[in-house]
Q: 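One structure, as structure tokens, below. Some questions next.
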Amino acid sequence: MLTIADVSKSYGTRELFSDVSLFVARTDRLGLVGPNGAGKSTLFGLILGEERPDTGTIEWERGADFGYLPQESAPAGDETILTIATSGKALEPTEDNWDIDYTLEPRARTILAGLGFKEGDADKAAKSFSGGWIMRAHLARLLTAEPALLLLDEPTNHLDLEALLWFQDYLTRYPGGLVVISHDRAFLNALCTGMLELRAGTLHYYHGNYDDFLVEKEARKEQQMAQFKNQQREIAHLQVFVDRFGAKASMASRAKSKEKQIERLKDAAVEEPSEELKRINFKFPQPVRSGLKVIDLKKVRQAYGEKVVYTDLNFAAERGQRIVLVGPNGSGKSTLLKILAGTLAIQGGVRELGSNVTAGYFAQQRTDTLREDATVFEMMMELRTNENQLSEQQARAILGSFLFRKDDVHKKVGVLSGGEKSRLNLARLLVDPPNLLLMDEPTTHLDIGSIDAMVNALKGYTGTLIFISHDVHFIRSLAETVLHVHSGRLTSYAGNYDYYLDKSKATNARAALTAGFTDGRPSDHKGKGEAAKPAAAASPAASGVKKPTPNELRRQREEVGQLEKTVSELEAKQGDITAALEDPATYADKSRFHRLNIELSTITEQLSSATAKWEAAATALTEAEAR
């Protein structure tokens, strides 16, 4: 379908790659990896014809079409989300055009639903949505059009985990070919049958998925190192003969022959394997030691308009804990993190920091903590205080370890890529490292090497870490406690992620990140997994409230039991529908898939309402029993 032959590309004196060749068949599922700056997006630009190669050719099979998703899209106008998803094609016949594809609209709406758009969103103006949602609409456009080859540049950056899992599952059945740039290991493992690595100006092909690529790459590196050492030993051995006998007339001819042999070996010699491109490399300076109790939330209430996220929320964390927050989208994970960071004012209750605690917040939206009109260097120097005495040289040294070198430090924040903004936020944390570190999706926009560097740095961090992530590798590497957030309730699993999977009976490590199940009755998180105890009720005399009769208590208990049964039944139905939607066979029947999506939306709303009623009734019963 696509043939790339001996392609080279340079910018000025910088050669990105040379003599790159590749054949892409209709059934290929290829992942393209390599450090930031290796030229992956440039290679896509050459394939698309947006740029011309310095040498070589790029040829498409006659009639082959392709769809391309860039990292960022142009601003949207007055067109609706559905108009984008259907590529602006007519959906109703007119006098001039009766040739209408009547499957186009329902197909587009189904895909939009899978990518997270709610009912009614498709008919709204695209400009009323954020850039991330507009990117989802363009992704729906590609999937609806079904081109022969999809070229996707970091397609998962703008997807929450539920949409990502749907998208990943959809691509496993996609009828065309795929070339994808991604830093998401699980995504590459699930989809790819071959890996392309752009390294040191050369494109290397590996069979299998990302894990297979790592194994084969290491094996090739060891083999190359063995060849290199053998050749160097042979060259050194011959050179000893030349040095010893080259000046002797009787041995001159033999020495000359050895010199020619050395030249032939050097010409054919393999290079020493090395990590050719820069990666971020840093260590967290150890923060000041805090008190044992780091942060405490008591009876916190938080709502957005009429949507109540938390009522009577209790949470506590102790020094050195490493807690990951998991749970369904919209359950309040990011809200909890913002409350802990102090960036969101609570509407009720108490937020208390422990002794000598300083909090640092790594926002999901990187611009939340960065100024678009400031330079990289200015964003560092604004952190200078009388205590840290940050010098320009120190700021440049920190920025250099995050690949901001020379004139890069004078770039405006507004022109930085997503990965560069992530690196800048990380660099800022190193100036005055907090002893309470709160991170919301810290791996977004970072390449795989940079994610590994962050994992290694955080392993040596001695403060308290609370984070949200959909990267299972990142979670498994760092989390020691899992806190499940669901319907305003917190359930603590006092163990690592695999312990959580075992106790929650989850069958899929990634899907479990947004699962809505609970482990028995929900309990608030206190310290290292201790359930919060109900506050002592005021005495009947002090409150003036009449003590309920035995019959009234019995009726209240029956009501709570019935509501609890309803919640359990709805949770079971939700689980059954979710399991059905995860079954590939479901997607073959589009009407069933659409019906299940509608049922899931309805069940979720019913579950939220039933849970609120159950909580209110259970609270009332507890108060009544204490009178």
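Keep in mind that the numbers below use all heavy atoms, side chains included, and drop hydrogens, waters and symmetry copies. We count residues from 1, following the sequence as given.
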Q: Can you list the steps and then say if Leu139 with Leu115 is a side chain to side chain contact (heavy atoms under 4.5 Å, CB included)?
A: CA-CA 9 Å; Leu139 184 54; Leu115 290 173; 4.1 Å; yes
Q: Taking the side chain as C-beta and beyond, is there a heavy-atom pair between Asp184 and Leu188 under 4.5 Å?
A: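 No, too far: nothing below the 4.5 Å cut-off.
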Q: When you check the side-chain N and O atoms of Gln286 and Thr462, is any donor under 3.5 Å from an acceptor?
A: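 Yes, side-chain donor-acceptor contact under 3.5 Å.
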Q: Partners of Arg185 by salt bridge (Lys or Arg N to Asp or Glu O under 4.0 Å), sequence neighbours excluded?
A: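 With neighbours one apart ignored, the set is Asp452.
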Q: Should the heavy atoms of other residues, nucleotides or ligands under 6.0 Å from CD of Glu119 be counted, would the total exceed 12?
A: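 For Glu119, atom CD is not crowded (no more than 12 foreign heavy atoms under 6.0 Å).
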Q: What's the separation between atom NZ in Lys124 and atom CZ in Phe117, rounded to the nearest 0.5 Å?
A: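 The distance works out to 10.5 Å.
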Q: Do Phe467 and Phe474 have their ring centres less than 6.0 Å from each other?
A: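 So the answer is yes for these two rings.
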Q: What's the spacing between Thr358 OG1 and Leu436 CG if we round to 0.5 Å?
A: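 If I round to the nearest 0.5 Å, the distance is 8.0 Å.
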Q: Any salt bridge linking Lys118 with Asp121? Criterion: basic side-chain nitrogen under 4.0 Å from a carboxylate oxygen.
A: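 Looking at Lys118 and Asp121, the cut-off is not met.
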Q: Can you tell me how the ring of Phe167 sits relative to the ring of Phe187, calling it parallel under 30°, perpendicular over 60° and tilted otherwise?
A: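 Ring orientation, 0 to 90° scale: parallel.
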Q: Say you draw a straight line from OG1 of Thr443 to CD1 of Ile475; how long is it, rounded to the nearest 0.5 Å?
A: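 If we round to the nearest 0.5 Å, Thr443:OG1 and Ile475:CD1 are 9.0 Å apart.
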Q: Let's go through Leu336 and Leu325 carefully: what are the C-alpha distance in whole Å and the side-chain angles of both, what is the deciding distance for side chain to side chain contact (heavy atoms under 4.5 Å, CB included) to 0.1 Å, and is it a yes or a no?
A: CA-CA 9 Å; Leu336 176 56; Leu325 308 182; 4.0 Å; yes
Q: How far apart are the C-alpha atoms of Val376 and Leu399, what are their side-chain angles, what is the distance that settles it, and do they pass the side chain to side chain contact (heavy atoms under 4.5 Å, CB included) test?
A: CA-CA 8 Å; Val376 169; Leu399 288 171; 3.6 Å; yes
Q: Please determine whether the number of non-hydrogen atoms from other residues, nucleotides or ligands lying under 6.0 Å from atom NZ of Lys573 exceeds 12.
A: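 No, NZ of Lys573 has 12 or fewer neighbouring heavy atoms, counting only those of other groups under 6.0 Å.
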Q: Against Met439, only a single residue in Leu426, Ile468, Leu478 fulfils side-chain contact (heavy atoms from CB on, under 4.5 Å); can you say which?
A: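 Single pass found, and it is Leu426.
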Q: Applying salt bridge (charged side-chain N to carboxylate O under 4.0 Å, His left out), which residue pairs with at least one partner in residues 476-488 are found, sequence neighbours left out?
A: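 Qualifying pairs: Arg476-Asp498.
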Q: Before you tell me yes or no, could you show the steps for Asn356 and Ser290 under side chain to side chain donor-acceptor pair (under 3.5 Å), namely the whole-Å CA-CA distance, both residues' side-chain angles and the distance that decides it to 0.1 Å?
A: CA-CA 5 Å; Asn356 212 25; Ser290 69; over 6 Å; no
Q: Could you tell me if Arg301 sits above the aromatic ring of Tyr310, with its cationic atom closer than 6.0 Å to the ring centre and no more than 45 degrees from the axis?
A: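 Output no; distance or angle outside limits.
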Q: Do NZ/NE/NH1/NH2 and the carboxylate oxygens of Arg428 and Glu382 come within less than 4.0 Å?
A: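 Counted as a salt bridge, because a side-chain N and a carboxylate O are separated by less than 4.0 Å.
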Q: Any donor-acceptor pair under 3.5 Å linking the side-chain atoms of Asp440 with those of Ser334?
A: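 Yes - a donor-acceptor pair under 3.5 Å links their side chains.
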Q: Can any side-chain N or O of Glu378 pair as donor or acceptor with the backbone N or O of Thr375 at less than 3.5 Å?
A: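 Yes, the answer is positive, given that a donor and an acceptor are paired below the 3.5 Å cut-off.
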Q: Would Asp312 and Lys298 satisfy salt bridge (Lys or Arg N to Asp or Glu O under 4.0 Å), going step by step from the backbone distance to the final call?
A: CA-CA 7 Å; Asp312 200 30; Lys298 298 176 180 177; over 6 Å; no
Q: Please verify the inter-ring angle class for Tyr500 with Tyr497; under 30° counts as parallel, over 60° as perpendicular, anything in between as tilted.
A: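 Answer is tilted, since the angle falls between 30° and 60°.
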Q: Of all residues at least two apart in sequence or in a different chain, which pass the side chain to side chain contact (heavy atoms under 4.5 Å, CB included) check with Arg289?
A: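 Partners of Arg289 by the side chain to side chain contact (heavy atoms under 4.5 Å, CB included) criterion, ordered by chain and then number, come out as Arg319.
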Q: Taking the basic N atoms (NZ, or NE/NH1/NH2) and the acidic carboxylate oxygens, is any pair closer than 4.0 Å for Glu318 and Lys293?
A: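 A salt bridge is absent here (no side-chain N lies under 4.0 Å from a carboxylate O).
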Q: Is there a donor-acceptor pair closer than 3.5 Å between any side-chain N or O of Thr566 and the backbone N or O of Gln562?
A: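 Yes: the side chain of Thr566 pairs with the backbone of Gln562.
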Q: Taking Glu372 first and then Lys421, would you say they form a salt bridge - that is, a charged N and a carboxylate O separated by under 4.0 Å?
A: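 Judged by the 4.0 Å cut-off on N to carboxylate O distance, Glu372 and Lys421 do form a salt bridge.
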